[in-house]
Amino acid sequence: MQRHFALAGLSLRPAMRVARRRSGGCRRPGHLACLAKEERRVNRDFSFLQLAWVFTLHIENCTDILIVLSNNSEMSKASEDNSPWSIQDARDLYHIDRWGAGYFDISDEGHVVARPLQENGAVVDLTDVIEEARGRGLKFPLLIRFQDILRHRVEAINLAFRNSIAEFNYQGSYRGVFPIKVNQLREVVEEILDAGRPYQFGLEVGSKPELFAGLALQSQVGSLIICNGYKDGAFIRMALMGIKLGKKVILVVEKLEELRQILGISKQIGVEPLIGIRVRLMCRGGGKWVESGGENAKFGLTTSEILAAAEMLRSENLSHCLKLLHFHIGSQVPDILAIKKAVQEASRFYAKLVTMGFPIQYLDVGGGLGVDYDGSRSAFDSSTNYTLQEYTNDIVYYIADVCNAEKVPHPDIISESGRAIVAHHSVLIVEAFGAIAKQRKWEHLSYGNDEHPLVRELLDIKRNLPRLNKLEAYHDALERKEDAYNMFTLGLLDLVSKAKIENLYWEISEEVVRSFKEQSYVPEEIRRLEDSLGDQYICNFSVFQSLLDHWALGQLFPIMPVSRLNERPTREATLVDITCDSDGQISKFIDLCDPRDTIPLHALNWNGNGAIEPYYLGFFLMGAYQDIMGDLHNLFGRVNEVHVFLDPDEPCGYYVEEIIEGTTIVQSLDAVQYDDNELKRLMKAQVDEAIKTDRLKPSEAMRLLDEYERGLTDYTYLGIQ
């Protein structure tokens, strides 16, 4: 293979260095992860004269990495290609056919469509839903929930476990539970419970409010509720009340002291508790939540504490009350190898306790079933290197394998998969209503013969750029720009000259970046320059309310336009929100390689009235955690919602069943202890004073006061016309 590369005038060593640097999450031999991720990076280092090389490298006992080397265009070259644009190009650009999981696609009209039942149901055009919402007077941002996706995800997980149980002749059954903390919205929880009723699907609660909701919603006798998290006396008493009502409410012991409290309160009430124990495994998960597992985990009992708990139960003649063993290695586990190891370790704990005489019925494998947010199908933080069926196969196989070896019964399996159930069902639609560009044509900037020397030098660089070394020309332009900054700071440069210098610098930079589009190798500083040349699209939403995981944890979400996808995007942009905080922006986007710093978008169009035409972006896979974790930064509250249901009797195959209006100004203010009546009283006092002092006429003052009072009922976000 090295000989073939030598014939092409290339060295294999840089490729091996790239592969080694990027192979961190791919630890299983034969796992072909990051195929497209490596292609993009290697494209920058090699030129193949339209040839493509495919080879496999084994690196540091980590994995076999398949790398495709070619000179295919990068994502950012979309606007430079003169070839015809197709819908498939749009799919490839935004990777919708990878992260969409069959639920999202692009129509021939260039619109994003949802397929809530994948290939088995109606197709919903997001543009049609947007137009219906506008027709009903709803403003943006707007959250669209596809309730049928929730049902489909519940069914998919249950059927996957059933397939695995049949394949490996597993003697136990599967009962899933939905962790309410992932999305507490009543409509979401009720839809999941309804879809899960044939599978005896239950709930997982981690707080007293969640327990109160779960007890009310789980009305059937035998309903399963898993109680995780730290508990006080009131929590325990309410859970035991659920047992009296005929539900299977299992109290999972997170620390040894909780067990003593549970046993004491159960004696007072006169009901035998259903007890679970969370095991603190040595094994940890991976990704952004890796620290939530392992020896230093927040929850769980050590081996010594488990033995102490066993003795406590035995001494109270309550060994038969230990019904469940539980573990959790973190949310969004990207690597299947971590899951395999955790299941094997936990299964050993289960088997040893059963041989000690504890008739444990359930093994709860916790959450962690990940979602492929970036579509790379790899062990990176925002992805997963496994499928749902592989996940269930490994859980069932390894539990059975350990139990068979230890000669103990196969337990019933419980999983707490929340993210994988709800992530896909929710799409946030935001409107871009303006763009800030680095380089624009300014009519008021004209150049004459008596320009400042720095302006003349930059004009000379721009005129001669085709004949100059592009990288050297960029360095010269950058030096002139920095000189201008220093001179302006010292008072030696006028404002007009400074504006001309900055404008010329960005014009030169844009041409330099364009010249490297056709090059096989692009210097790192030119890549950074390309990112800095991107526009800023101003969008009517709050990162802190709707995308908190992105701001706080760097979690990536798929983002793309929902229309005009039959047109080639011509701009590279970052997204900024309407909060007055510089952190209110999105400058990291999914890609099959490293996260992108910009996203390709279409130029904003102007209508005949001199206003920007609506341009909507979809933020996808938003259903997990984002709904409930958003804060009130700048007092922007919850966004408007519409719930979409499929119905074959409808002409278009679906209908909008419910509208949930977002937070109003008065509701946001009330959340931080502002009383609307008091606010009105204070404003009226100021208006009366203005009338008395002749600052306002009475009629004008009353109009102002009416406008203030009406405004309190408005949506907190901008009302873009």
Side-chain angles (χ1 to χ4, degrees), residues 157-158 160-162 164-165 168 170-179 196 199-206 211 214 218 220-229 231 239-240 242-243 246-254 258-259 262 272-281 299-301 306 309-310 313 318-329 339 342-369 391-392 394-404 406 408-418:
I157 288 177
N158 280 276
F161 268 105
R162 286 188 175 184
S164 301
I165 286 170
F168 298 109
Y170 193 80
Q171 300 306 301
S173 62
Y174 169 73
R175 289 189 70 173
V177 296
F178 174 67
Y199 310 102
Q200 295 184 298
F201 214 70
L203 294 175
E204 183 268 340
V205 300
L211 174 60
Q218 289 279 65
Q220 292 180 310
V221 173
S223 298
L224 181 62
I225 299 177
I226 305 295
C227 299
N228 291 324
K231 306 163 191 70
L240 294 174
I243 295 176
K247 309 176 198 296
K248 289 188 176 181
V249 184
I250 301 178
L251 287 157
V252 177
V253 176
E254 307 285 4
E258 281 185 355
L259 181 56
I262 291 170
E272 285 192 344
L274 302 177
I275 294 172
I277 290 178
R278 187 194 293 237
V279 181
R280 187 176 297 183
L281 300 181
F299 297 110
L301 275 60
I306 291 172
L313 288 169
L318 293 175
S319 297
H320 60 283
C321 291
L322 181 54
K323 297 295 185 182
L324 176 143
L325 200 68
H326 173 49
F327 74 89
H328 180 68
I329 58 172
I339 296 170
V343 170
Q344 291 177 76
E345 184 182 354
S347 298
R348 292 293 177 185
F349 275 97
Y350 161 80
K352 300 304 182 184
L353 285 168
V354 170
T355 57
M356 289 171 61
F358 293 92
I360 300 173
Q361 181 181 356
Y362 301 105
L363 180 57
D364 186 342
V365 300
L369 174 57
Y391 171 81
T392 62
D394 284 340
I395 287 175
V396 172
Y397 171 80
Y398 283 108
I399 294 176
D401 184 57
V402 170
C403 291
N404 292 338
E406 297 273 1
V408 297
H410 295 179
D412 292 339
I413 300 171
I414 294 174
S415 75
E416 303 174 1
S417 300

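The first residue in the sequence is number 1, and the count goes up from there.
- Leu281 has its side chain within reach of Phe349: a pair of non-hydrogen atoms, C-beta onward, lies under 4.5 Å apart.
- With sequence neighbours left out, the ring pair (Phe, Tyr, Trp, His ring centres under 6.0 Å) criterion links Tyr391 to no other residue.
- The structure places SG of Cys403 at 9.0 Å from CZ of Arg348, a figure rounded to the nearest 0.5 Å.
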Legend entry - From CA spacing to verdict: side-chain contact (heavy atoms from CB on, under 4.5 Å), Val279, Tyr350: CA-CA 10 Å; Val279 181; Tyr350 161 80; over 6 Å; no
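- Remark: Arg162 engages no residue in a side chain to side chain donor-acceptor pair (under 3.5 Å) (not counting sequence neighbours).
- A pairwise comparison of heavy atoms in Ala239 and Leu211 identifies N-CD2, 3.8 Å as the closest pair.
- Separating the NE2 atom in His410 from the OG atom in Ser173 is a distance of 12.5 Å, to the nearest 0.5 Å.
- In terms of heavy-atom proximity, Glu258 sits nearest to Glu254 at OE1-N, 2.9 Å.
- The number of heavy-atom neighbours closer than 6.0 Å to CD of Gln200, taken from other residues, nucleotides and ligands shown, is 12 or below.
- In this structure, Leu203 and Gly214 approach most closely via the heavy-atom pair CD1-CA, 3.7 Å.
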Inset, instruction - Could you go through the side-chain contact (heavy atoms from CB on, under 4.5 Å) check for His320 and Leu318 one step at a time? - result: CA-CA 5 Å; His320 60 283; Leu318 293 175; 4.0 Å; yes
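- The shortest distance between side-chain heavy atoms of Val343 and Val402 does not fall below 4.5 Å.
- Here the CD-CG distance, from Gln171 to Asn404, works out to 8.5 Å after rounding to the nearest 0.5 Å.
- Under the 4.5 Å side-chain criterion, counting only non-hydrogen atoms from C-beta, Leu224 is in contact with Ile414.
- In this structure, the side chains of Ile277 and Leu325 come closer than 4.5 Å at one or more pairs of heavy atoms.
- Take Asn158 and apply the side-chain contact (heavy atoms from CB on, under 4.5 Å) test, not counting sequence neighbours, and it matches Val154, Tyr174, Tyr199, Phe201.
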Inset, instruction - Please report the C-alpha distance between Ile226 and Leu324 in whole Å, then the side-chain angles of each, then the deciding distance to 0.1 Å, and finally whether the side-chain contact (heavy atoms from CB on, under 4.5 Å) criterion is met. - result: CA-CA 10 Å; Ile226 305 295; Leu324 176 143; 3.8 Å; yes
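- Within the 4.5 Å cutoff, side-chain heavy atoms of Ile306 are placed close to those of Leu353.
- In this structure, the separation between CG on Leu274 and CG on Leu240 is 8.5 Å, given to the nearest 0.5 Å.
- Of all heavy-atom pairs between Gly172 and Ile165, the closest is O-CG2, 3.9 Å.
- Atom CD1 of residue Ile275 and atom CD of residue Glu272 lie 9.5 Å apart, to the nearest 0.5 angstrom.
- What you find for Ile243 and Pro273 is that their closest heavy atoms are CD1-CA, 4.1 Å.
- Listed by chain and residue number, nothing satisfies the side chain to side chain donor-acceptor pair (under 3.5 Å) test with Gln218 (two or more places apart in sequence, or in another chain).
- Side-chain contact between Pro411 and Tyr170 is present, with at least one heavy-atom pair separated by less than 4.5 Å.
- Taking the side chain as every heavy atom from C-beta outward, Val365 and Phe327 approach each other to under 4.5 Å.
- Listed by chain and number, the residues in a side chain to side chain donor-acceptor pair (under 3.5 Å) with Asn228 are Glu204, Glu416 (sequence neighbours excluded).
- The side-chain heavy atoms of Lys248 and Tyr362, taken from C-beta on, include a pair separated by under 4.5 Å.
- For the residue pair Val177 and Pro179, the shortest heavy atom distance occurs at O-CD, 3.6 Å.
- Atom OH of residue Tyr397 and atom CD of residue Gln344 lie 8.5 Å apart, to the nearest 0.5 angstrom.
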Inset, instruction - Could you walk me through whether Leu259 and Leu301 pass side-chain contact (heavy atoms from CB on, under 4.5 Å), step by step? - result: CA-CA 11 Å; Leu259 181 56; Leu301 275 60; over 6 Å; no
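- Evaluation of the side chain to side chain donor-acceptor pair (under 3.5 Å) rule for Ser164 yields Gln389, Thr392, Asn393 as partners, not counting sequence neighbours.
- Between the side chain of Arg278 and the backbone N or O of Gly300 there is no donor-acceptor pair closer than 3.5 Å.
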